[in-house]
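Written below as structure tokens is the structure these notes are about.
Counting convention: from 1, in listed order, for ligands and their atoms alike.
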Amino acid sequence: MSNEELQLPPRQLFVGGAWRDGSTGMRRDVVDPATGAILTTVVEADATDVDVAVRNAREAFDHGPWQRMPARDRARILHRAADLIRERADELVALESRDVGKPVSLCRAVDVETAAQQYEYCAALAQGIDGATRSTPIPSLAYTTRVPVGVVAAITPFNFPLILSSTKIAAALAAGNVVVHKPADDTPLSALFMAELLKDAGVPDGVLNVVTGSGQIVGDALLRHSGVDKIAFTGSTAIGRHAASVAGEHLKPVTMELGGNAAHLVFDDADLDVAIGAVIKAFVFNSGQFCMAGPRLLVARALHDTVLGILEQAVPTVPIGDPRDPATVIGPMAGERQLKKVEEYVELARKEGGRIICGGERLDLDGGYYYRPTVIADLPTDSRVIAEEVFGPVLTVQPFDDEDEAVALANSTPYGLAAGLQTRDVTRAHRVAARLDAGIVWVNDWAMLDPAIPFGGVKDSGFGREYGPEALEAYTKIKSVVVSLPEPQ
Ligand code: NAP
């Protein structure tokens, strides 16, 4: 699909079920990372726009039909949203690929399909939001109900815009909430597309509002707005810390899906074909811009040199290039900022004595922000390149001598989002999985996800869970009702 076919006129804000201009008149370019060309512009909103959006959301929550609607009717609308996502998949694939630089084949199979599945899964959950009865010694009927929290501020990062918006919005809406969504500055287009799609699916006006603009202005105004009841944040640990502290000041509940730096352990009994496939997928997928990427490879010492040799041969053969080519596996980084950050880390690795096994440089192609997938060995254990989240197609490799050392190295960073291990020993698989500090552990593959599997971090990777029935807990409050039933006198 060409830019003309994609129809990318300048975009507005979506508030109260209608498109509107921002109050400042300022706009921001949206850039195609595969070429550096400007795709369109979006509104650079400010606190006044946030206020209008929150007021619309508040009105929709307090006086609109959404939270009072039978759950079955809400579910029907969310199912319709899933259907529309699939019907309009070609447009969504082209849009998300152009905005983020994602290869079209992955965009279709992963991003668009996952978004549809999120709406389907949450539609089913909507119909099972139940309370409980409790027996007490008081002569009474005591029961609980689960009620929506109200106006949810959903703030999302640049790397999986469609999936991350859908994850929050589908769960929040399923539980009867209303949403003001701020997508990332760099990749806002699918959020605006989805606003209209959800309206077409039957979501009432004001229930979903999308406000584009910078995190420091729009994001911050959302965190502080007294009309916001809950903050659902996904992004870096640094900004998450700020968001959590502002939420703390205002006593707002938060869920925090933050950074990751997962370890991938390859034991000496691993099936090497399976392991290498998973290792490569875990660090090149989405050009390594993947919170649950596996950029830290820990290999049993006996296999260390063999694995490096295989990676040296295999990694450069992974197709990198134009994301519109269906054969492409690695597209560009999502922006120049991300590309420069990766370059700085690889430079640091060289200074720290790291040996570049492959990659280690940009790929000059069409003016896009490409970086070759890079494998680095021989870094010191305390290297910053190992400890910090690089967020690019960079894999560091470290040997270990035994299980204790493997687990200690795996748990040695402040992050705890994901981890994985490769072994044919089922006892070891469960034993090591239990010892890894991570919200999710994969055995003999990587990034196996489903809307039914709870996802979220420990330590500096955040708290709260998305996906699974657990996701709805964050979007509901429990209310207890106790009815006095005295004995007749
Ligand atoms: P980021 O810089 O933290 O931004 C995330 C969101 O916060 C963006 O919408 C950003 O707006 C906004 N923001 C920035 N400053 C803010 C402020 N002062 N107040 C409120 N909001 C503010 O993250 P990113 O670089 O876009 O994304 C990469 C990070 O996200 C990585 O650390 C990655 O691991 C993490 N991530 C985590 C998960 C997970 O599920 N745990 C999933 C995906 C990504 P702007 O775009 O305008 O700056």
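Heavy atoms of Glu466 found under 4.0 angstrom from ligand 1: none, in either backbone or side chain. The proximity of Ile155 to ligand 1, defined as any non-hydrogen pair under 4.0 Å, is limited to the side chain.
Ranking protein heavy atoms by distance to atom 27 (O) of ligand 1, first place goes to Pro157 CB, 3.1 Å. Counting only heavy atoms of the protein, atom 6 (C) of ligand 1 lies nearest to Thr156 O, 3.5 Å. Of the protein's non-hydrogen atoms, Gly215 CA, 3.5 Å is the one closest to atom 14 (C) of ligand 1. Looking only at heavy atoms of the protein, atom 10 (C) of ligand 1 is closest to Lys182 CE, 3.9 Å.
Annotation for Arg86: atom CZ counts as buried by contact number, over 12 foreign heavy atoms lying within 6.0 Å. By the 6.0 Å contact criterion, CZ on Arg435 is enclosed, its count of non-hydrogen atoms from other residues, nucleotides or ligands being greater than 12.
Sorted by first and then second residue, the pairs that involve residues 444-455 and meet side chain to side chain donor-acceptor pair (under 3.5 Å), not counting sequence neighbours, are Lys281-Asp445. The side chain to side chain donor-acceptor pair (under 3.5 Å) pairs that include a residue from residues 210-221 are Asp220-Arg224, Asp220-His242, where partners are two or more places apart or lie in different chains.
Looking at heavy atoms from C-beta onward, Pro393 lies in side-chain contact with Met333 at the 4.5 angstrom threshold.
Atom 33 (C) of ligand 1 has its nearest heavy-atom neighbour, among Phe290, Phe391, Phe160, in Phe391. In the candidate list Leu258, Asn159, Val218, Thr167, Leu258 is nearest to atom 41 (N) of ligand 1, counting heavy atoms. Residue nearest to atom 3 (O) of ligand 1, selected from Gly219, Ser236, Ala191: Ser236 (by heavy-atom distance). Remark: among candidates Ala154, Gly235, Pro183, Gly335, the nearest residue to atom 35 (C) of ligand 1 is Gly235, based on non-hydrogen atoms. Counting only non-hydrogen atoms, the option in Asn261, Leu164, Ile239 that gets closest to atom 2 (O) of ligand 1 is Ile239.
Proximity to Glu389 (heavy-atom distance under 4.0 Å) selects the following atoms of ligand 1: 31 (C), 32 (O), 33 (C), 34 (O). Under a 4.0 Å criterion applied to the non-hydrogen atoms of Gly213, ligand 1 contributes the atoms 47 (O). Atom numbering of ligand 1 starts at 1 in the shown order; those under 4.0 Å from a heavy atom of Asp185 are 45 (P), 46 (O), 47 (O). When each atom of ligand 1 is checked for a heavy atom of Gly260 under 4.0 Å away, the hits are 34 (O). Every atom of ligand 1 with a heavy atom of Leu223 under 4.0 Å away is listed here by number and element: 19 (N), 20 (C).
For the pair Ser214 and ligand 1, a heavy-atom separation below 4.0 Å is found.
For ligand 1, the polar-atom distance check against Phe455 finds no nitrogen or oxygen pair separated by under 3.5 Å.
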